[in-house]
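A note on names: the letters A, B, ... follow the listed sequences, proteins ahead of strands, and every chain is numbered from 1.
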Protein chains: 2
Amino acid sequence: MATSGRPGAAHCGIDAAMEVVGGKWKVLILWVLEQGPHRFGELRRLIPGVTEKVLAAQLRELEADGIVHREVYDEVPPRVEYSLTPIGCELGEALAPLGAWGAKHLVPGGA
Amino acid sequence: MATSGRPGAAHCGIDAAMEVVGGKWKVLILWVLEQGPHRFGELRRLIPGVTEKVLAAQLRELEADGIVHREVYDEVPPRVEYSLTPIGCELGEALAPLGAWGAKHLVPGGA
DNA sequence: GTGGGTACTTACCCCGGGGTGAGCGTGCTG
DNA sequence: CAGCACGCTCACCCCGGGGTAAGTACCCAC
């Protein structure tokens, strides 16, 4: 670490971050939510393959980790909007380089 | 969404990257390897809790993904060194912001 | 009345990633 | 000679994250 000059990174916050972001659909949710608040049903439709149960679970975990904000509108029909908290926004930005790396090296026409 | 003008990022390389980095110990391995080449036994000792089988498996997966390079020295006793490929280095750098985020928001004295 | 859309929850099952422990072939050391 | 260290590999088990399907309560459009 003297070489990298990374003070607080003791055994790196990466693994800590990985636990937050480690769910199968979390990064997709983050990705979608980065483009603005979305409702539950929208997320479900925007993320093909995810089921309601799992989507709800991942959302709750992200909420518990302070990444997303859950806004319930007491209307009828019921409406719930999910948005990123400031911390969530920062997380999204921190994920950007990783996404760029993936696009560059993993996705066929990424470069 | 039609509003998002993000062309190349289709469904973001993040999930692609997550598959590469999604193993339980992968980021730790990356983290250690970022500080220089290491032997198998060193990695095992530097990463508490990982078993040989799993370490070998993760290493092989990272190797298959072109992240780490495996150098076998035909000596006795057998010696094997693992190091990051250029792509692996880039991945490590792409992971840095995420680590910083984790350190800042997740680790107690991170801020 | 029926169906569809809202946002979930509950119960159940399944698969695979990861953990456990042992063994292998070699050569040096005690 | 026994034992250890090296870098794995094999066989087995286990747990939990995620998938499947159905149900809930409400209202509106048909």
Side-chain angles (χ1 to χ4, degrees), chain A residues 11 14-33 36-65 67-84, chain B residues 1 11 14-33 36-65 67-85:
Chain A
H11 58 301
I14 294 191
D15 49 343
M18 286 302 293
E19 286 183 27
V20 166
V21 115
K24 187 173 180 183
W25 305 94
K26 300 253 184 93
V27 297
L28 265 334
I29 295 172
L30 266 296
W31 169 252
V32 171
L33 250 27
H38 284 281
R39 310 180 49 177
F40 186 86
E42 287 177 333
L43 289 172
R44 180 166 46 110
R45 279 186 296 265
L46 285 169
I47 304 176
V50 73
T51 63
E52 284 112 10
K53 174 206 154 185
V54 174
L55 179 56
Q58 307 263 311
L59 249 8
R60 272 171 199 289
E61 290 180 23
L62 288 173
E63 190 195 357
D65 287 324
I67 309 301
V68 307
H69 173 68
R70 185 167 181 261
E71 186 76 35
V72 182
Y73 298 87
D74 196 14
E75 314 170 347
V76 71
R79 194 156 70 93
V80 182
E81 274 197 354
Y82 294 90
S83 55
L84 291 186
Chain B
M1 280 226 164
H11 55 302
I14 294 189
D15 48 344
M18 286 303 293
E19 286 184 27
V20 166
V21 116
K24 187 172 180 183
W25 306 95
K26 300 253 184 93
V27 298
L28 266 333
I29 295 172
L30 265 298
W31 169 252
V32 171
L33 250 27
H38 285 281
R39 311 179 49 176
F40 186 86
E42 286 177 333
L43 289 172
R44 180 166 46 109
R45 278 185 295 264
L46 285 170
I47 304 176
V50 73
T51 63
E52 285 108 8
K53 173 205 155 186
V54 174
L55 179 57
Q58 307 263 315
L59 249 8
R60 271 170 199 287
E61 289 179 25
L62 288 172
E63 190 195 357
D65 287 325
I67 309 301
V68 307
H69 174 67
R70 184 168 182 261
E71 187 76 35
V72 182
Y73 298 87
D74 197 15
E75 315 172 345
V76 72
R79 192 156 73 95
V80 182
E81 273 197 355
Y82 294 91
S83 56
L84 290 186
T85 63

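- Checking the phosphate oxygens (OP1, OP2) of D:dG17, no side-chain nitrogen or oxygen of A:Gln58 falls inside 4.0 Å.
- Among the nucleotides C:dT6, D:dC6, C:dT9, the one closest to the side chain of A:Glu52 is C:dT9.
- Contacts of B:Glu81 with the nucleic acid, taken as non-hydrogen atoms under 4.0 Å apart, are absent.
- The OH atom of A:Tyr73 sits 23 Å away from the P atom of C:dG5 (whole-angstrom rounding).
- B:Ile67 contributes atom CD1, which lies 5.5 Å from atom OG1 of B:Thr85 (distance to the nearest 0.5 angstrom).
- Set against D:dG18, C:dG19, D:dT9, the side chain of B:Val54 has C:dG19 as its closest nucleotide.
- The side chain of A:Lys24 lies closest to D:dG19, out of C:dA7, D:dG19, D:dG7.
- Backbone-only engagement by A:Tyr82 is indicated by non-hydrogen atom pairs under 4.0 Å involving sugar-phosphate atoms exclusively.
- Atoms CD1 and CG, on B:Ile29 and B:Leu46 in that order, are 11.5 Å from each other to the nearest 0.5 Å.
- What separates CG of A:Leu59 from P of D:dG18 is a distance of 13 Å, to the nearest Å.
- The distance from atom NZ of B:Lys53 to atom C1' of C:dG23 is 15 Å, rounded to the nearest whole Å.
- Residues passing the side-chain hydrogen bond (donor to acceptor under 3.5 Å, both in side chains) test with A:Gln58, sequence neighbours excluded: none.
- Annotation: of the two residues near DNA chain C, A:Ala56 and A:Pro77, the 5′-most nearest-nucleotide partner is A:Pro77.
- Under 4.0 angstrom from either OP1 or OP2 of C:dT9 there lies at least one side-chain N or O belonging to A:Arg60.
- Regarding B:Arg44, its CZ atom lies at a distance of 14 Å from the P atom of D:dC4, rounded to whole Å.
- With rounding to whole Å, B:Arg79 atom CZ is found 19 Å from C:dG25 atom C1'.
- To the nearest angstrom, C1' of D:dG17 lies 14 Å from CD of A:Glu19.
- Atom CE of A:Met18 is separated from atom CD1 of A:Ile14 by 9.0 Å, given to the nearest 0.5 angstrom.
- Residue B:Glu42 is classed as having no contact, given no heavy-atom separation below 4.0 Å to the nucleic acid.
- If you find the closest nucleotide of DNA chain D to A:Thr51 and to B:Pro78, the one lying nearer the 5' end belongs to B:Pro78.
- When distances are taken from the side chain of A:Arg39 to each of D:dG19, C:dG19, C:dA7, the shortest belongs to C:dA7.
- In this entry the distance linking CG of A:Asp74 with P of D:dA25 reads 17 Å, nearest Å.
- Using a 4.5 Å cut-off on side-chain heavy atoms (C-beta onward), B:Leu62 and B:Leu30 make contact.
- Taking atom CZ of A:Arg45 as the reference point, atom P of C:dG5 lies 9 Å away to the nearest angstrom.
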